[in-house]
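What follows is a set of notes on a single structure, which appears directly below.
Numbers restart at 1 for each chain; the letters A, B, ... are given by sequence-line order, proteins then strands. Predicted model only: the values in this text are computed from it and were never measured.
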2 protein chains.
Amino acid sequence: MTNKRELFQIMTRRFGLLGKNCCSVGGYDLSAAQSHILYEIDRGRSPSMQQAADTLGTDITTFSRQIQSLVRMGLVEKSPAPSDRRISLLSLTTAGKFVAASIDKQMNSYLDEVFSYLTPFERETVLRSIELLNGAMAQSSRCCAPVRDEAEDHSGNES
Amino acid sequence: MTNKRELFQIMTRRFGLLGKNCCSVGGYDLSAAQSHILYEIDRGRSPSMQQAADTLGTDITTFSRQIQSLVRMGLVEKSPAPSDRRISLLSLTTAGKFVAASIDKQMNSYLDEVFSYLTPFERETVLRSIELLNGAMAQSSRCCAPVRDEAEDHSGNES
DNA sequence: CAATAAAACTTGTATGTTGCAAATTTAATT
DNA sequence: AATTAAATTTGCAACATACAAGTTTTATTG
């Protein structure tokens, strides 16, 4: 009954659905991808396009257009880096911060509901497990390399 | 540090990446969506288009075309149900079964690697937790309603 | 039993997403 | 000053997605 692949297949599918038409906030209608971008910019320290795209594992050209949308929506701002004007630093506008906070609230509310079906002990266990899982995935060579939580390798890559 | 939303955000992102260009098997190059479809047909009991689309939470028109692709690739077969010829029952061809098995092997191999970074105890805990999480998500009214694990309601729906 | 409604799919079409190749702008090297 | 490289944008061309409308087959109903 504890088939690893099956458990992950179901979970992955659920998360896929979760994102479908993720997050509507006061007139703004965001996709899951856009929500991830806002999240990343919000918590990042004014990431550049490259950095953000890498972190999210998105092709830079696709990312460029996604940012264009968010800028057009008035949620994100791009400003050339003082040190190197090729680089665009990303930040949230006031509206962007509001939307990000709102999505955060929605997500937490959803998660609270899901967790309400668990006992306090199970909640602890599940959270701890996701932490473990994220750590393990981060170490895997086969997946998710571009995704880093907080600290990871920052040395040159390639052999 | 144990911020629920953050943990889920990272995990979701990782799973998103996981699926990016999921699974290449002997010339066949499948998307994550296609892999989910094969998985579902493989373990399902000759589901109909409707059933499979519902289970996967995909719009039926999109699903129809996805199946067309898989049929064109020679991985899936459609046959009219004897009892009702409007219904198309889905099944895997020999090639489809081979591909599904192969993906299963790849996924398990990947998961084995990820789990190798955990202690045996942690592995148990994580698996159990995903089980709990899947169960909890299934109960949530706000998400994932169409996704069912094994048994769920099979009574008439609607009020 | 014929007409009407409904169910299960498919197709038309319009819009959005994705990513490779090529262009653009700015910086670093020689 | 010329060449190379880095960060980002744009030109495509292929795919994905979903609403509306159409097709085929089955139920219902008077």
Side-chain angles (χ1 to χ4, degrees), chain A residues 13 16-24 28-37 41 44 46-73 76-91 146 156-158, chain B residues 13 16-24 28-37 41 44 46-73 76-91 146 156-158:
Chain A
R13 184 186 301 163
L17 289 181
L18 210 178
K20 273 297 168 56
N21 47 333
C22 151
C23 341
S24 289
Y28 298 101
D29 204 46
L30 303 192
S31 69
Q34 292 173 321
S35 137
H36 273 272
I37 294 175
I41 296 179
S46 302
S48 71
M49 300 275 293
Q50 278 293 355
Q51 287 173 331
D54 280 359
T55 301
L56 293 167
T58 310
D59 182 273
I60 182 68
T61 71
T62 299
F63 188 75
S64 172
R65 282 186 251 251
Q66 287 173 329
I67 290 295
Q68 285 173 40
S69 296
L70 291 169
V71 169
R72 247 182 274 115
M73 285 192 232
V76 169
E77 265 174 347
K78 274 193 302 191
S79 40
S83 62
D84 183 338
R85 287 193 319 210
R86 289 172 300 183
I87 298 175
S88 286
L89 300 180
L90 301 171
S91 57
N157 36 7
E158 313 290 350
Chain B
R13 184 186 303 164
L17 290 182
L18 212 177
K20 273 298 166 56
N21 48 333
C22 151
C23 339
S24 289
Y28 298 102
D29 203 48
L30 303 192
S31 70
Q34 291 174 321
S35 138
H36 273 272
I37 295 175
I41 297 178
S46 301
S48 70
M49 299 275 292
Q50 279 292 354
Q51 286 173 331
D54 280 358
T55 301
L56 293 167
T58 311
D59 182 273
I60 183 69
T61 72
T62 299
F63 189 75
S64 173
R65 282 185 250 251
Q66 286 172 329
I67 290 295
Q68 285 173 38
S69 296
L70 291 169
V71 168
R72 249 182 273 117
M73 287 191 231
V76 168
E77 267 175 349
K78 274 191 305 189
S79 40
S83 62
D84 183 339
R85 286 190 321 205
R86 289 172 300 181
I87 297 175
S88 286
L89 300 179
L90 300 171
S91 57
N157 34 6
E158 314 289 352

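- A/Gln50 comes within 4.0 angstrom of a base, heavy atoms only.
- Between A/Gln68 and the phosphate of D/dT10, there is a side-chain N or O to OP1/OP2 separation shorter than 4.0 Å.
- Considering CZ of B/Phe63 and CG of B/Leu90, their distance stands at 5.5 Å, rounded to 0.5 Å.
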| Test side chain to side chain contact (heavy atoms under 4.5 Å, CB included) applied to A/His36 and B/Arg13, step by step | CA-CA 8 Å; A/His36 273 272; B/Arg13 184 186 303 164; 3.8 Å; yes
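- Distance CG (B/Asp29) to P (D/dA16): 11 Å, rounded to an integer number of Å.
- Straight-line distance from the CG atom of A/Leu70 to the P atom of C/dG16: 14 Å, rounded to whole Å.
- When side chains are defined from C-beta on, B/Ile67 counts as touching B/Lys78, because their heavy atoms get closer than 4.5 Å.
- Across D/dT17, D/dC19, D/dT10, the shortest atom-to-atom separation from the side chain of B/Thr62 is found for D/dT17.
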| said: If you apply the rule side chain to side chain contact (heavy atoms under 4.5 Å, CB included), what do you find for A/Arg72 with A/Ser69, and how did you get there? | reply: CA-CA 5 Å; A/Arg72 247 182 274 115; A/Ser69 296; 4.0 Å; yes
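- Remark: the B/Ser31 side chain and the D/dC15 base include no donor-acceptor N/O pair separated by less than 3.5 Å.
- Judged by distance alone with a 3.5 Å cut-off, no donor-acceptor contact links the side chain of A/Arg65 to the base of C/dG16.
- Side chains of A/Met49 and A/Ile87 form no contact here, defined as non-hydrogen atoms less than 4.5 Å apart.
- Listed by chain and residue number, A/Asp59 satisfy the side chain to side chain contact (heavy atoms under 4.5 Å, CB included) test with A/Thr61 (two or more places apart in sequence, or in another chain).
- Whole-Å rounding puts the B/Ile60 CD1 to C/dC9 P distance at 6 Å.
- Atom CG of B/Asp54 is separated from atom C1' of C/dA7 by 13 Å (rounded to the nearest Å).
- Going from atom CG of A/Asp59 over to atom P of C/dG16 covers 20 Å, rounded to whole Å.
- To the nearest angstrom, P of C/dT18 lies 13 Å from CD1 of A/Ile67.
- In this model, the phosphate group of D/dT17 is approached by a side-chain N or O of B/Gln66 to a distance below 4.0 Å at OP1 or OP2.
- Non-hydrogen atoms lying under 4.0 Å from DNA chain D are contributed by B/Asp84, B/Arg85, B/Arg86, all within residues 77-89 of chain B.
- Residue A/Thr61 places no side-chain N or O under 4.0 Å from the OP1 or OP2 atom of D/dT9.
- With rounding to whole Å, A/Met49 atom CE is found 16 Å from C/dT25 atom P.
- A donor-acceptor distance shorter than 3.5 angstrom exists from the side chain of B/Thr55 to the backbone of B/Gln51, with no hydrogens or angles considered.
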